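First the structure, in the form of structure tokens, and then the observations on it.
Atoms considered below: every heavy atom in the structure, side chains included; atoms not considered: hydrogens, waters and symmetry mates. Values in this document were obtained by computation on a predicted structure and should not be read as measured data.
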Amino acid sequence: MYYKSTRRYSKSWSVVADQLSAQLTMSWWFIVFCVCAGTHALQDNVTDGPPTSIFDYHSMPALSELDDFDLCLRKPDAVYCIVDLVLLEDDTPLYQFIKNFSSLSYKNYQHSKLHRGVCGSQHCGLNTSHADAGETTAERLKDCLNASIHEGYGLQVDTLSVRYCKTQDGYIPPDILDYIIGALLLLLLLVNLGCSAYYFFLPAENGGDNKYMLAFCVQKNWKALKHGGSAEGGIFKCFQALRFYTMVMILGLHSMIFIGYGYTANPEFIEKSYDDFFKALLFNSRIIVQIFFVMGGFLMAYKMLVYAETHPFTLKTVPMAIVNRWFRLMPAVLVVMGLAMTWVPHMGSGPMWDAVVKRERDMCRSNWWQLVILMPNLFPFEHLCLPQAWYLGTDTQLFLMTLVVLLIIWRWPKSGIPVLSAVMAISLLIPFLQSYLMELLPIRVSISPESIREIFGYNDTFYHAYVSAQGNWAGYHLGVLTAYFYHKAQAEKWDLRDSILLKLLFIASIPIAFGTVLMGWDLHHREASAFESAVFNALNQNFFALAICVFIVGYFYKCNRIYVSSVEWGPLQPLGRMSYCAMLLHATILRTYGGQMRRSFFATDYTAIMLYAGIVTTTYLFALPLYLFVEAPACQLQKLLLGPKRRAKEREDNNRNQVKPGISNVSVSTVSTHI
């Protein structure tokens, strides 16, 4: 029994030993596998570096950052500096992540270029001796910021430039030019108030009917603003509403550009906007400016065609039309430009005040003549005084070219359709060839975040395709063709009110116009070929302009009650008349708002909407006195001084003749159209 028992126990221990041996063997191979896998992973990490997935947007240094401006300048020897710095390119994983992220330049900023508002006296040991923003200041700030960025991110600063430094005693007192322009503006105000008092105390029936004094009468100009004048009434009533709608949409685009340019605490708001359907519409809403060109081409051509029916249209008409145009546009420009270069810079302060407001003052003092000759679009955009006025230069050049075309048609009437068709083909071919040969980007892509940051400087696409005359010629000429068609329809008494085709086209014009805004939706996420860019730049905005031309013709014949009511609503008429003043003022208002920001602006949908609403309201509130005291009197004086002196008999003959609807007493002085 002992043997059997011993044998039984021996057998049990043998089984246990075999099981333990198998478990040890499996454990050994598991350990070997883990060691090999770990070694392989370690080798991969050593070779390729850490995967980029460990970084996110907030792993990068802040793109823009402002120290508290007022808190910094409490001490007498405090210095606050605005600097731009570029990170040193290296092989660190974080820099490679920044490089890859910034490579999508169509929708992302260059995150290797940082922008700072630094309290130098608090963080970098600066004092008032460094306020000159010289090389010593730049070196001290570079060492200071390099240390903080290296400590926080393991990156280094390659180059640093100082825009300017501010101190407590940085206020610049008014100079002689400030007082001269201030005196002239005060005189203009007193003339308006004096003439208004003259009209109030001495009504017309008692002798208060001096035409020159009535031109400055605020009551008369206010009444004309509310109820409209004959020159812009009638069938052209829709143009005032289109002007207002266009200006409001342009203000939306410029509000987003304002957020993109400023020291925004969350620049990803702008970068993600290119992926958002509704926000991305804003970045292609720049095509809305084609409404201005279409209306300008239509009014100029139509009024000139009517004028040529009863007046000689020769080469002498061209300089007279140019003079009338200059006197019509320039008074409001001079007032806004005078304020921008003198008193506006004294109205506030802030970390960005010198960068946006004082910079405009300097540009206007040195480059004012570019606006006076109405050719600002021919010069670098980043150096323009009132850059929003580039439109005036482009429109003036198209105005001159169209005058020559109409002169040819008037001299040889049978050449009308061939000449207009040839000009249409040329106006489409030029932007196509220009974009293809110069390898320009699609215009939509040119409004990229970094381009906004650089105020569109050195952006060939923006300069050659967007603000140039040749880039907008086709839209302007489509307005001319529409005027030629409508004038011919009136002359031959075509009745298109019951045309089914025109009604359908009229209804489709607005959806087509919105559809053109969506064109090129994917261009912010890929690189377009040279041919694709050329086709886009030649057709995108011109499809929009064509849709607006169809809308205008359909409106003339009242083809749809809803569309007609949308542009004949009473309150839109005075707002439309103030759109020229709003165009001149809105950028200065945006600059003064942004220049006074003490801390970085945190952008959300709500803050963007509130900014937009505030800018629209403020712009039109300031546009009202500019219209009443400057634009309206200038328009009246232009008619009195430069309008044709017609005999009484001629007036009686014209009164007996049937006048075309919407136009009466058209003269060369009314040809100076504008937005």
Side-chain angles (χ1 to χ4, degrees), residues 246-247 250 253-254 257 285-297 300 321-322 325-326 328-330 332-334 336-337 340-341 359-360 363-364 366-404 426-427 430-431 433-435 438 440-441 443-444 446-447 451-452 454-480 537-538 540-542 545 579-580 582-588 591 672-675:
T246 304
M247 196 64 230
I250 288 176
L253 172 62
H254 288 182
I257 290 176
S285 64
R286 47 92 202 165
I287 65 174
I288 201 71
V289 77
Q290 292 303 310
I291 295 180
F292 286 158
F293 287 115
V294 167
M295 290 191 299
M300 183 268 175
I322 296 173
R325 179 180 178 80
W326 191 91
R328 178 65 184 84
L329 298 178
M330 194 49 55
V333 171
L334 292 176
V336 176
M337 183 171 60
M341 70 169 63
R359 181 183 179 277
E360 185 179 36
M363 291 297 102
C364 286
S366 60
N367 300 327
W368 55 270
W369 55 274
Q370 298 171 359
L371 265 178
V372 171
I373 63 174
L374 285 179
M375 295 294 171
N377 64 315
L378 299 180
F379 301 93
F381 190 81
E382 65 272 19
H383 296 151
L384 290 184
C385 167
L386 306 184
Q388 69 273 18
W390 67 266
Y391 167 83
L392 299 180
T394 303
D395 190 71
T396 298
Q397 292 151 25
L398 296 173
F399 177 86
L400 296 177
M401 289 190 290
T402 304
L403 267 180
V404 175
I426 293 172
S427 65
I430 288 178
L433 293 177
Q434 176 182 256
S435 296
M438 297 181 67
L440 301 179
L441 298 173
I443 303 178
R444 181 186 186 120
S446 69
I447 308 181
S451 183
I452 293 172
E454 296 175 353
I455 321 179
F456 303 103
Y458 315 105
N459 187 328
D460 290 339
T461 300
F462 188 84
Y463 180 78
H464 292 289
Y466 183 51
V467 304
S468 66
Q470 65 270 17
N472 295 282
W473 191 6
Y476 192 92
H477 189 67
L478 283 170
V480 175
N537 292 343
N540 175 233
Q541 60 190 28
N542 296 319
S579 293
Y580 176 54
M583 185 273 290
L584 294 175
L585 285 170
H586 78 277
T588 300
R591 291 189 188 97
S672 55
T673 57
H674 61 92
I675 68 169

Under a 3.5 Å distance rule, please check whether [X] uses its side chain to pair with a backbone N or O of [Y] as donor and acceptor.
X: Glu454; Y: Asn459; value: no
X: Ser451; Y: Ser446; value: yes
X: His464; Y: Thr461; value: no

Could you walk me through whether Asp395 and Phe292 pass the side-chain contact (heavy atoms from CB on, under 4.5 Å) test, one step at a time?
CA-CA 9 Å; Asp395 190 71; Phe292 286 158; over 6 Å; no
Going from [atom1] on [X] to [atom2] on [Y], what distance comes out if it is rounded to the nearest 0.5 angstrom?
X: His477; Y: Leu398; atom1: NE2; atom2: CG; result: 11.0 Å
X: Ile288; Y: Leu253; atom1: CD1; atom2: CG; result: 10.5 Å
X: Gln290; Y: Met295; atom1: CD; atom2: CE; result: 11.5 Å
X: Leu478; Y: Gln541; atom1: CG; atom2: CD; result: 10.5 Å

Any heavy-atom pair between the side chains of [Y] and [X] that's under 4.5 Å?
X: Arg286; Y: Ile257; value: no
X: Gln388; Y: Leu585; value: no
X: Pro387; Y: Phe381; value: yes
X: Tyr463; Y: Phe456; value: no
X: Val333; Y: Leu392; value: yes
X: Met337; Y: Leu584; value: no
X: Ile447; Y: Ile452; value: yes
X: Ile250; Y: Tyr391; value: no

Check the orientation of Tyr466 and Trp390. Use parallel for under 30°, tilted for 30 to 60°, and perpendicular for over 60°.
tilted
Which heavy atom of [X] sits nearest a heavy atom of [Y], and at what distance?
X: Gly297; Y: Val480; answer: O-CG2, 3.6 Å
X: His383; Y: Asn367; answer: O-ND2, 2.7 Å
X: Met247; Y: Met583; answer: CE-CA, 3.7 Å
X: Asn537; Y: Ala465; answer: ND2-CB, 4.5 Å
X: Trp326; Y: Leu374; answer: CD1-CD1, 4.0 Å
X: Met341; Y: Cys364; answer: CE-O, 3.4 Å

Identify, with sequence neighbours excluded, every residue that meets side chain to side chain contact (heavy atoms under 4.5 Å, CB included) alongside Pro376.
Leu371, Leu384
Side chain to side chain contact (heavy atoms under 4.5 Å, CB included) filter on Gln397, not counting sequence neighbours, yields Met375, Asn377, Leu378, Ala469
Between the side chains of Thr394 and Asn472, does any donor sit under 3.5 Å from an acceptor?
no
